[in-house]
Every structure is written in structure tokens, then in C-alpha cells.
Amino acid sequence: MSETAPNTLQYRFDGPEDAPVLILGPSLGTTWHMWDRQVPELAQQWRVFRFDLPGHGGAPAHPAGSVAELTTRLLATLDGLGVQRFGYAGCAFGGAVGIELALRHPERLASLALIAASPRFGTADEFRQRGVIVRTNGLDPIARSSPERWFTGGYAAAQPAITEWAVQMVRTTDPGCYISACEALAAFDVRGELGRVGVPTLVLVGSDDQVTGPAEARTLVAGIPDARLAVVPGASHLVPVEQPAAVTDLLVRHFTTAWQAAPDATSTGQNPVPVHPAAHPVPVAGPVAAPVQPGPAQPPQSAPIAEIAPAPAVPPQAQGRPDPYDAGLKVRREVLGDGHVDQALAQADEFSGDFQEFLTRYAWGEIWDRPGLDRRSRSCVTLTALVAGGHLDELAPHLRAALRNGLTPGEIKEVLLQAAVYCGVPAANGAFRVAQQVIREETTPPE
């Protein structure tokens with residue numbers, strides 16, 4: 001166990017102190033206990049390091065606003081412990097951290113396993129919508145729906161104790177840290193960078209995963225030059241929990257046969273296992289007879305051969321002051337949502353296209369992207385201006401944007417009450433009607 005500063009993470013070690021370090025990264029809403037069934041066998045060969053996300057599992061609630069920031073905290077924690085080089089296996093959010101390590105800090109990484117991972121997790125709108133629901137209703141709606149996202153129906157029905165453990169694990173997470181993690185995943189998109197991942201990579205996925213399933217896994221395998229695929233039958237998103245023996249077997253096989261030696265062996269302080277030729281196939285895990293109790297995995301089969309995509313070309317850096325269009329499009333999508341922006345751009349024609357470009361470049365790239373006000377404040381100003389101008393047709397998307405930017409329904413009500421005093425009751429009356437409908441739609445938890 002550990003005492004944690006704001007720039008580090010809560011962690012624990014298992015296994016021999018002189019063994020190579022293997023890190024296990026958790027999924028959003030889980031704790032390091034999601035790896036409990038893997039640790040006994042992994043700790044026979046490795047010094048297993050597990051960590052909790054901020055605000056998860058009793059960890060201090062210091063939110064991390066991006067995958068890169070969380071990765072920086074992980075490396076700061078490891079630096080403080082003298083760990084320079086390691087293998088890494090991460091599930092979902094933990095997988096995003098693994099990709100970030102491979103792209104930005106490849107000298108630290110000896111081998112990589114990505115479980116239930118994706119180069120882009122769903123859409124930004126989905127995760128920002130989840131943040132709105134948590135901000136309004138707390139984590140209970142997300143907690144109650146977690147088992148159906150994480151486990152197959154048969155497993156959830158047969159294992160009520162584990163299902164309840166999953167619900168309580170999410171319910172006790174710090175809401176602010178959960179929302180920040182949703183924002184981090186909303187902004188995570190490395191689809192164009194996968195060709196630069198240069199370490200041996202196992203991509204592991206449950207056959208029934210409806211969150212980041214086999215399609216996302218194949219995207220990773222196609223983009224990462226030295227990646228191999230393993231599909232675990234009868235498992236959903238939290239495959240290490242649902243099929244622990246199969247996952248353990250695959251991780252042992254991968255990390256004992258695909259561990260790159262450090263460029264400077266004297267800097268590691270570890271004893272890495274030998275590197276195996278890149279062509280070695282990774283087996284597809286067979287079904288596990290008893291999903292709850294760890295047991296021997298079934299005899300492995302050959303893995304499917306994935307098509308390897310060439311590394312994408314890296315465009316040259318633009319010279320001089322950058323065009324604000326790209327930054328504006330990014331901000332516009334983050335604030336208004338992909339669906340709204342895609343619709344606006346799709347409807348643009350030869351007549352209106354220049355206006356859409358003008359909006360993106362100047363309203364969003366020049367003004368909304370300025371550092372002088374945060375987005376919450378800009379939303380307050382925008383809502384007031386729309387009410388004052390009587391622009392109720394523009395109000396709904398900016399009410400949704402205000403919720404994404406962190407305003408609560410109660411704060412939006414106060415903004416509209418303030419507008420009623422200074423902009424007039426009739427204008428505010430119409431605004432309240434629009435806001436009532438939008439807030440009802442945006443903050444109702446999924447059934």
C-alpha cells in the first residue's frame with residue numbers, strides 16, 4: 001500500500017522484489033481488485049504493480065483531466081520507486097494508459113497487453129453525456145447499470161456476489177474523479193498514431209464485449225505493427241474478472257515470450273525475460289470450466305492472423321501562426337457534441353459553407369479557445385446573450401453544451417433567473433420552457 005501525493009497514484013506491489021516489474025492498469029469505475037485472480041500466478045515470475053485511478057478504491061480524489069496526465073502521474077509514482085522499465089497490461093481506461101506509454105514513453109515499456117481497449121472509446125458525446133448524468137444524479141444510475149456493460153448475462157445471473165461487488169465498486173467512486181475520467185476518454189483518440197507503437201503487443205478481448213469488442217480489437221491489431229489478437233470466448237468487458245484463468249494464461253504466455261530488452265540494460269535494474277521472435281502466434285483462450293474459481297485454462301488454439309497496416313505518414317509541422325480552424329473544430333465538437341457539429345457541417349452547401357467555416361475558425365477557434373475564461377463561464381455568458389437576443393432556436397444546443405461544460409441544472413436555473421431580471425420576463429419564460437425539456441432529456445439516466 002502507499003501514501004499518495006496529488007501527482008502520484010495509490011499503488012501496491014506483489015511478488016519478488018528482484019523480479020521484473022509488470023504493471024496492471026484498471027478500468028474506469030474499478031479498483032486494483034479487478035486483477036485479484038491474476039496476481040497469484042503472475043507474482044511467481046514478476047513484481048506485480050497495481051494502481052488505482054484517482055478517487056477509486058479509496059484513493060485520494062485528485063482528478064486527472066486527460067489520459068496523458070494520468071500517465072504522467074503513473075510515471076512519477078514509478079520514478080519515486082526506482083522503477084525504470086516494465087511490462088504493462090491495462091483494461092479499458094488502463095489500456096488507454098498503455099497506448100499512451102507506448103506512444104510517448106516507449107523507452108520505459110518492455111511489452112504491452114491491451115485488454116478491452118480501443119484507440120477511441122465510443123464517441124466523445126457518449127462520455128460527456130455520462131458526465132452530465134453523474135453530475136446531476138450521482139453515480140448510482142451508472143453503478144446499477146455497470147454489470148450489464150461489464151459481464152455477460154449468464155455470468156451476472158450466476159454470480160450475484162460479484163455483480164453486487166461491481167455495483168458497490170462504482171457507487172463508492174468519487175463522482176468528480178469519475179467525471180474527469182469520462183472527459184479524458186472523450187478526448188482520447190490515437191487512431192492515426194497506432195503505427196508508432198513499437199513494442200510487442202497482445203490485444204485481448206472478450207467475444208461478447210459490447211463496449212469495446214472484437215471490432216475495436218481488430219482495429220488495434222491492424223494498426224500496431226507487432227500486435228497479435230486473442231479472443232476469449234464467453235466473456236464481456238471485464239474479461240479478467242469473468243474468465244480469470246484464460247486471461248492469466250494469455251498474459252503469462254505473452255510476457256514470457258515478448259519482452260524487449262532495454263536499450264541500456266544497466267538503466268533498468270531488472271532481469272527481463274528473453275525476447276521472442278515477433279512471428280510467434282498468441283493462442284485464442286478456450287472457455288473456462290468454472291468462471292468464478294481460477295483453474296487451468298483449456299488447451300490453446302491458434303490465433304487469427306491480423307492484417308498489418310503500414311505506419312501513417314507524419315505530416316510536417318505548419319510554419320508560423322497556426323490556422324485556428326482545426327483548434328476551433330476540436331473545441332466546437334467538445335462543447336456542442338459531435339452529432340450537432342456533424343449535422344451542421346453536413347447541411348452546409350456552396351452558399352452556407354463559408355459561414356460554417358467562419359464560425360469554426362473565429363467563434364470557436366479564436367474566442368471559445370481563449371484562455372481568459374473557462375468554459376463554464378463562457379456558457380453562462382452565452383446563455384444570457386441568447387436569452388437577451390431572443391434567440392431561442394439556438395438555446396437548446398448551448399444548454400446541452402452548458403451541461404457538458406460542468407454547469408448543473410440548478411446553476412442553469414440561476415443563470416435564467418438572472419436573465420429574467422435584466423433581459424425581461426417574456427424572454428426568460430421562453431428560455432425556461434426550452435431548458436426544462438433539454439434538462440429532462442439530458443439528465444434522465446438510461447433505463
Side-chain angles (χ1 to χ4, degrees), residues 4-10 25-34 51-70 73-74 91-94 96-97 121-150 163-188 211 237-238 334-335 337 374-377 379-380 399-415 438-447:
T4 54
N7 65 332
T8 58
L9 298 175
Q10 178 170 285
S27 176
L28 173 61
T30 73
T31 71
W32 63 42
H33 290 295
M34 66 163 285
F51 65 92
D52 277 329
L53 299 175
H56 291 58
H62 304 302
S66 67
V67 173
E69 181 181 348
L70 195 282
R73 292 191 194 179
L74 172 60
C91 182
F93 192 108
V97 172
F121 290 81
T123 68
D125 287 356
E126 292 170 3
F127 279 100
R128 294 194 176 100
Q129 173 70 9
R130 193 185 298 185
V132 169
I133 290 172
V134 173
R135 193 175 288 112
T136 306
N137 302 283
L139 273 166
D140 188 64
I142 302 296
R144 284 187 280 106
S145 63
S146 290
E148 65 189 57
R149 294 195 307 272
W150 287 355
T163 300
E164 180 60 22
W165 162 79
V167 170
Q168 293 303 323
M169 187 164 49
V170 178
R171 190 173 279 151
T172 56
T173 298
D174 177 77
C177 289
Y178 189 96
I179 292 168
S180 291
C182 287
E183 290 290 333
L185 288 177
F188 184 77
V211 181
H237 192 55
L238 278 195
E334 289 174 353
V335 173
D374 61 26
R375 290 185 184 174
R376 282 171 47 89
S377 300
S379 279
C380 291
L399 285 163
R400 293 187 175 92
L403 289 167
R404 290 192 189 93
N405 286 341
L407 290 177
T408 66
E411 289 170 329
I412 290 174
K413 178 178 70 175
E414 294 302 322
V415 170
V438 168
I439 289 171
R440 184 181 297 117
E441 292 173 356
E442 293 295 308
T443 62
T444 301
E447 302 241 346

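From a predicted model like this one, the values you see are computed outputs, not experimental measurements.
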Glu334/Arg375 salt bridge by N-O under 4.0 Å criterion: yes

Residue pair Ser145 / Arg149, side-chain donor-acceptor N/O under 3.5 Å: yes

Heavy-atom side-chain proximity of Thr30 to His56 below 4.5 angstrom: no

Note, Pro26 side chain near Phe51 side chain (heavy atom, < 4.5 Å): yes

Flag for Asp52-Thr31: side-chain donor and acceptor within less than 3.5 Å: no

CD1-CZ distance between Ile179 and Arg128, expressed to the nearest 0.5 angstrom: 13.5 Å

Spacing of CG belonging to Asn405 relative to SG belonging to Cys380, to within rounding of 0.5 Å: 9.5 Å

Ile439 vs Leu399 side-chain heavy atoms within contact, under 4.5 Å: no

Intermediate values then yes/no, side-chain contact (heavy atoms from CB on, under 4.5 Å), Leu70 and Val97: CA-CA 7 Å; Leu70 195 282; Val97 172; 3.6 Å; yes

Nearest-0.5 Å distance that lies between atom OG in Ser146 and atom NE2 in His237: 10.0 Å

His33 NE2 to Met169 CE distance, which is reported to the nearest 0.5 Å: 9.5 Å

Full working for side-chain contact (heavy atoms from CB on, under 4.5 Å) between Val415 and Glu411: CA-CA 6 Å; Val415 170; Glu411 289 170 329; 5.7 Å; no

Basic-acidic side-chain contact under 4.0 Å: Arg130, Glu126: no

Side-chain touch Phe121/Phe188, heavy atoms, less than 4.5 angstrom: yes

Nearest-0.5 Å distance, NE2 of residue His62 to OG of residue Ser180: 12.5 Å

For Leu139, all residues meeting side-chain contact (heavy atoms from CB on, under 4.5 Å), sequence neighbours excluded: Val134, Ile142, Val170, Thr173, Pro175, Tyr178

Side chain proximity check, Pro54 to Asp174, heavy atoms < 4.5 angstrom: no

Pairwise distance CZ(Arg404) to SG(Cys182) - rounded to 0.5 angstrom: 13.0 Å

